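Please read all numbers here as calculations on a predicted model, not as lab measurements.
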Amino acid sequence: MKTNKKQIALHVVLILLVLITLFPIIFALSNSFKTLQESFNSVLALVPKEFTLENYKYVFSRLPLFKIILNTFTIAFIVTAVKILTSILAAYSFVYIDFKEKNIIYFIFLTTMFIPFTVTMIPNYLIVSRLGLTDTIWGVMLPQFADVLGIFLLRQAMRTIPKSIIEVSKIDGIGEARILKDIILPLVKPSIISTAIIFFINSWNEYVWPVLIISSQDNYTLSLALQMFISSEGGTEFPIAMAVSVITMIIPLILFLIFQRHIMSTFISSGVK
């Protein structure tokens, strides 16, 4: 009986936490379909009395959103692909290739995770400026082509593969490239997918670095353009601000919902709480 009461209490707490987590999303979605007057009169009502799409029409009429979304997707896709490639190669090297001071080098890599972005922001900007890549999407992408988090997650996944499989393959004369392609990658595919989704979402939502590099509207990313739009319109046009918020979060949210099982399993297997 006591166990049942504890389980019920636990489920109630979990349901409350879920509702608290989902409320901002539902709140933004609901108010994005309200008129200005209704949003002010009943801002907490989750079901609009007068359903309207005018807020979304207004946003698309004021901004070249399709071009901006294409810019953002291009940056997120290329950054994710290159990050995954560099993470796979580095993780494989740290697990299956013996070289001098390997553990020390890996430890140095991990320590870079604790360096704030503000410390590396100015050196990165100077490098991008010297290369003539300011106000280009390549200037946004270049400093993001490697990520220690990806190396850590994929290394943890590769460590679960018995080294005896790799040793037998090498005895049979199979090269490193084929071992990686035909043996390692299929076994760590879920971890690669989940890590790629994390990279994609982070790149999609990036704001601080693009605002330093990009100045022309043709090269705006979605977060940059929409954040500026919210700043200029959100004070008086609250439903429009909510429509902008929904557009900004919808693609990363869909990706997370589709691949959440892979993301959770990767963090659990890596020992990350």
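- With rounding to the nearest 0.5 angstrom, the CG atom of N124 is 9.5 Å from the CD atom of Q144.
- When hydrophobic clusters are built by joining Ile, Leu, Val, Met, Phe, Trp and Tyr residues whose side-chain heavy atoms come closer than 4.5 Å, directly or via intermediates, L19 is not grouped with V47.
- Counting only distance, with no hydrogens or angles, the side chain of S87 and the backbone of I84 share no donor-acceptor pair below 3.5 Å.
- For the pair M141 and V79, the tightest heavy-atom approach, listed with the atom from each and the gap, is CG-CG2, 3.6 Å.
- At least one donor-acceptor pair under 3.5 Å links the side chain of E38 to the backbone N or O of K49.
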Working for ring pair (Phe, Tyr, Trp, His ring centres under 6.0 Å), residues F60 and F66:
CA-CA 8 Å; F60 278 93; F66 290 110; 5.4 Å; yes
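- I15 and I20 fall into different hydrophobic clusters, where Ile, Leu, Val, Met, Phe, Trp and Tyr are joined by side-chain heavy atoms under 4.5 Å apart, directly or via other members.
- Contact detail for P24 and T21: the closest heavy-atom pair is CD-O, 3.3 Å.
- Taking CG of L65 as the reference point, atom OH of Y56 lies at 12.0 Å (rounded to 0.5 Å).
- Within a 6.0 Å sphere centred on CD1 of I122, other residues, nucleotides and ligands contribute 12 heavy atoms or fewer.
- Ring geometry for F77 versus F73: interplanar angle under 30°, hence parallel rather than tilted (30 to 60°).
- Note that CG of N202 is 6.5 Å distant from NZ of K83, once rounded to the nearest 0.5 Å.
- Going from atom CH2 of W209 over to atom CG of L224 covers 13.5 Å, rounded to the nearest 0.5 Å.
- Aromatic ring orientation, F200 versus W204: parallel (interplanar angle below 30°, classes split at 30° and 60°).
- Using the six-membered ring where Trp is involved, W138 and F145 have ring planes that are perpendicular, over 60° apart on the 30 and 60° scheme.
- When all heavy atoms of S30 and P48 are compared, the pair lying nearest together is O-CG, 3.5 Å.
- Under the 4.5 Å side-chain heavy-atom criterion for Ile, Leu, Val, Met, Phe, Trp and Tyr, V211 and F117 are members of the same hydrophobic cluster.
- The structure places OG1 of T80 at 11.0 Å from CD1 of I75, a figure rounded to the nearest 0.5 Å.
- Counted within 6.0 Å of NZ on K181, heavy atoms from surrounding residues, nucleotides or ligands total 12 or fewer; the atom is thus considered open.
- By the 4.5 Å heavy-atom criterion applied to side chains, Y96 and I179 are not counted as neighbours.
- Taking a 6.0 Å sphere around NZ of K67, one finds it holds more than 12 heavy atoms contributed by other residues, nucleotides or ligands.
- The neighbour count for L110 CG, taken as heavy atoms of other residues, nucleotides or ligands under 6.0 Å away, is above 12.
- Of the candidates L187, D182, L180, I184 forms a side chain to side chain contact (heavy atoms under 4.5 Å, CB included) with just one, namely L180.
- Going from atom CZ of F107 over to atom OG1 of T112 covers 11.0 Å, rounded to the nearest 0.5 Å.
- By the 4.5 Å heavy-atom criterion applied to side chains, S169 and I183 are counted as neighbours.
- Using cut-offs of 30° and 60° for the angle between ring planes, the F99 and F94 rings count as tilted.
- Note on I25: it does not cluster hydrophobically with L14, by side-chain heavy-atom contacts below 4.5 Å among ILVMFWY residues.
- Heavy-atom minimum distance, V95 versus R159: CG2-CG, 4.0 Å.
- Residues I127 and R130 are not in side-chain contact: their nearest non-hydrogen atoms beyond the backbone lie 4.5 Å or more apart.
- Checked options N205, L70, T72; the residue passing with L222 is T72 (criterion: side chain to side chain contact (heavy atoms under 4.5 Å, CB included)).
- Contact of the L153 side chain with the S191 side chain is not registered, since no non-hydrogen atoms from C-beta on lie closer than 4.5 Å.
- Here the side chains of L142 and L131 are in contact, with some heavy-atom distance below 4.5 Å.
- L149 and I108 are not part of a single hydrophobic cluster, where members link through side-chain heavy atoms under 4.5 Å apart.
- Using a 4.5 Å cut-off on side-chain heavy atoms (C-beta onward), F33 and L29 make contact.
- Under the 4.5 Å side-chain criterion, counting only non-hydrogen atoms from C-beta, M242 is in contact with F27.
- Among all heavy-atom pairs drawn from V148 and F109, the shortest one is CG1-O, 3.2 Å.
- A donor-acceptor pair is defined here as one N or O able to donate and one able to accept, closer than 3.5 Å; no such pair exists between the side chain of N219 and the backbone of T136.
- T86 contributes a side-chain N or O that, together with a main-chain N or O of V82, makes up a donor-acceptor pair within less than 3.5 Å.
- Contact of the M121 side chain with the L212 side chain is registered, since non-hydrogen atoms from C-beta on lie closer than 4.5 Å.
- Checked by atom type and distance alone, the side chain of K34 never pairs as donor or acceptor with a backbone atom of P239 at under 3.5 Å.
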Show the numbers, then the answer: is there a side chain to side chain donor-acceptor pair (under 3.5 Å) between N55 and S32?
CA-CA 7 Å; N55 301 317; S32 69; over 6 Å; no
